[in-house]
2 protein chains.
Amino acid sequence: MVETVRRFNRTVTQRVGALDDSYLARDRPLAQSRLLWEIGPAGAEVAALRTRLDLDAGYLSRLLRTLEGAGLVVVGPGESDGRVRTVRLTDAGRVEWHLLDGRSDELAWSVLAPLTDGQRARLTSAMAEVERLLMASLVTIGPCHPGEPRARACLRAYARELAKRFDVGFDLSRGGVDEQELVPPAGLFLVATVSTEAVGCGALRLPPGEPAEIKRLWVSASVRGLGVGRRLLGELERHAAAAGATSVRLDTNRTLTEAMRLYRAEGYHEIPRYNDNPYAHHWFAKPLC
Amino acid sequence: MVETVRRFNRTVTQRVGALDDSYLARDRPLAQSRLLWEIGPAGAEVAALRTRLDLDAGYLSRLLRTLEGAGLVVVGPGESDGRVRTVRLTDAGRVEWHLLDGRSDELAWSVLAPLTDGQRARLTSAMAEVERLLMASLVTIGPCHPGEPRARACLRAYARELAKRFDVGFDLSRGGVDEQELVPPAGLFLVATVSTEAVGCGALRLPPGEPAEIKRLWVSASVRGLGVGRRLLGELERHAAAAGATSVRLDTNRTLTEAMRLYRAEGYHEIPRYNDNPYAHHWFAKPLC
DNA sequence: CATGATTGCTGACTTTAGTCAGCCATTTCG
DNA sequence: CGAAATGGCTGACTAAAGTCAGCAATCATG
């Protein structure tokens, strides 16, 4: 199995990667093309680009200056936060972007073209499988101080999503969870990351004299369905058990049906209301062995 | 389908590629590590490294000088051809190579580790499938003057292989094929390549007044079983038909059983001896529609 | 043995990529 | 309000990657 993975890494990653890069880097340096592509017709925030492409702030700034100099993008002030700047493609930039997009299509087609129909179907389904499983295995889960940027990014995304899904909106500060409660030994905050991007989180409170409680369980849409939520939940439970808890409990909103499915599948059962969280409709608990 | 291939290229190629590179490039620059790895415990010829890694001759030379300076390799004279130099790892180089090898194993295992047994099995079989089909689709077939380096490399490999397989050895010059006969309009020489490496060839003679003849059909062991021989044969037949030939014929040695299987599968039937090729035991022909 | 092709090496570059410290503007928090 | 944190920009770097022309050794061939 290890041998298969190694062969795959060697041939596929190297060869296809090189081909891909050479297609992208035809008119301008690779980093510029990649950045231009990543900005996209919808525009993007500079901070988001930095984490997605894992670039040094100075280097990114310089790249943006070059693209701006070439008349391909404009960097303007952010919408809500004046420090976060947003990049948009100009008309010329949009033309370039479509050119890159076309090349990407062309490259993809050149892979499919020499194959028979049957081979094509087998190749694409195998590719989808590899991508899915690889993504799942590239997710690493580890503890993180809730004040760290990665944790903050998760909590922001968590709040943004709940605000969108709840009929009444959502305000993180009304959750009644103090940051200090999520630092060992009083609790734990876990973050799931893919390369440098945070794609999920989960928190555990260990209030003395009360059962352990799970809060802030969130998984980014980009990795949903790969078992990340399950892994986060399991890690939190393991930590709670190690700290001596005999059970964990949690609350949830009626709109979060996937979450409730997960809880039930993992052995949680519904219990009566145990707090006055204004956003909660259901309360669950699970005994720890 | 195109969308699937694009997603695959984007996520897998980028992310795994970057991870792979960061593992390799821990103690020394990436290019040096890659080169060291490619040399391997068995050593390699400089010319072979250049085509495999697609490097500039000057750059490669410099990289070798650096590795030599670090006491990891020794560059010595070639065996048969005094111009082609061979690189071998020193004891220190072998240690480094094993370190890289170990890291590669480690990386592969880190991909498998977070998955369940079932997921692992699915991932590795999907990887093998992708690799196979991708390799097949990255093979490009095109005409090439038989004097070009790529063609010469193929013919050398062809001769080397036949010399190994025939009981009586093999001498290309006794084949009775003149280079000029394989240049349009008198004939055709096709080469199959993956990125810059030649992995197969096939030749067509169109002697006036005689049936067309296929010669020098060879496929590198690295891509055998992916239909490259079939594609080469088909291209040659198509060219022969376009040139007005109504049939093609060829001869082969009794030790080349896979080749004979291919010929029969493609509609060739055995015919009586039509030439005095000292290496031939069987003669085949196929009518062209 | 003279000639031309092949192979590799070296010097002298240019371009890309990446890093780090310091600065300023904006926002958040006490 | 002031202090601290955050986000981005610039200058001044270093290192790596890649290119090109010219040279020397070796080999194939007439």
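Residue numbering restarts at 1 for every chain, and letters A, B, ... go by the order of the sequence lines. Values reported hereafter were calculated over all heavy atoms of this structure, with side chains retained and with hydrogens, waters and symmetry mates removed.
The side chain of A:Arg50 contributes an N or O atom lying less than 4.0 Å from OP1 or OP2 of D:dG8. Look at B:Arg65 and you'll find a side-chain N or O under 4.0 angstrom from OP1 or OP2 of C:dT10. Side-chain N/O atoms of B:Arg62 include none lying less than 4.0 angstrom from OP1 or OP2 on C:dT10.
The side chain of B:Ser61 approaches C:dT10 more closely than any other nucleotide in the set C:dG8, C:dT10, D:dG8. Distances were taken from every side-chain heavy atom of B:Val46 (C-beta onward) to each of D:dG8, C:dA17, C:dG8; the shortest belongs to C:dG8. The side chain of B:Ala31 approaches D:dA17 more closely than any other nucleotide in the set C:dG8, C:dT10, D:dA17. Side-chain atoms of A:Asp56 lie closest to C:dT19 of the nucleotides C:dT19, C:dC9, D:dG8.
Distance, A:Asp27 CG to C:dT15 P: 17 Å, rounded to whole Å. Atom P of nucleotide D:dA16 and atom CG of B:Asp21 are separated by 15 Å, given to the nearest angstrom. Regarding B:Leu67, its CG atom lies at a distance of 13 Å from the P atom of D:dA16, rounded to whole Å. Rounded to whole angstrom, the span from the CD atom of B:Gln32 across to the P atom of D:dG18 amounts to 13 Å. Remark: C1' of D:dG8 and CD of A:Glu68 are 13 Å apart, rounded to the nearest angstrom. At whole-Å resolution of the value, CG in A:Leu35 and P in C:dT16 are 15 Å apart. Between B:Arg34 atom CZ and D:dG18 atom C1' the separation is 14 Å, expressed in whole Å. Separating the CD atom of B:Glu45 from the C1' atom of C:dG8 is a distance of 13 Å, rounded to the nearest angstrom.
At a threshold of 4.0 Å, the pair B:Glu96-B:Arg28 counts as salt-bridged, since one of the basic side-chain nitrogens sits closer than that to a carboxylate oxygen. Looking at A:Arg103 and A:Glu106, no side-chain N of the basic residue comes within less than 4.0 Å of a carboxylate O on the acidic one, giving no salt bridge. By the 4.0 Å N-to-carboxylate-O rule, B:Asp56 lies too far from B:Arg62 to be salt-bridged with it. The pair A:Glu38-B:Arg10 counts as a salt bridge, with a side-chain nitrogen and a carboxylate oxygen less than 4.0 angstrom apart.
Checking each of A:Ile39, A:Val84, A:Leu64 against A:Val46 for a side-chain contact (heavy atoms from CB on, under 4.5 Å) leaves exactly one that passes, namely A:Leu64.
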Hey, what are the protein-to-nucleotides 25-30 of chain C N/O distances that come in under 3.5 Å?
| residue | atom | partner | partner atom | Å |
| --- | --- | --- | --- | --- |
| C:dT27 | OP1 | A:Gly82 | N | 2.7 |

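At the heavy-atom level, A:Leu30 lies under 4.0 Å from the strands shown only through sugar-phosphate atoms.
Each of A:Arg28 and B:Val84 has a nearest nucleotide on DNA chain C; the 5'-most of these lies closest to B:Val84.
Counting heavy-atom neighbours within 6.0 Å of A:Asp27 CG, excluding the residue itself, gives a total above 12.
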Exercise. Give the intermediate values and the outcome of side-chain hydrogen bond (donor to acceptor under 3.5 Å, both in side chains) for residues A:Thr13 and B:Thr13.
Key: CA-CA 5 Å; A:Thr13 270; B:Thr13 271; 5.4 Å; no
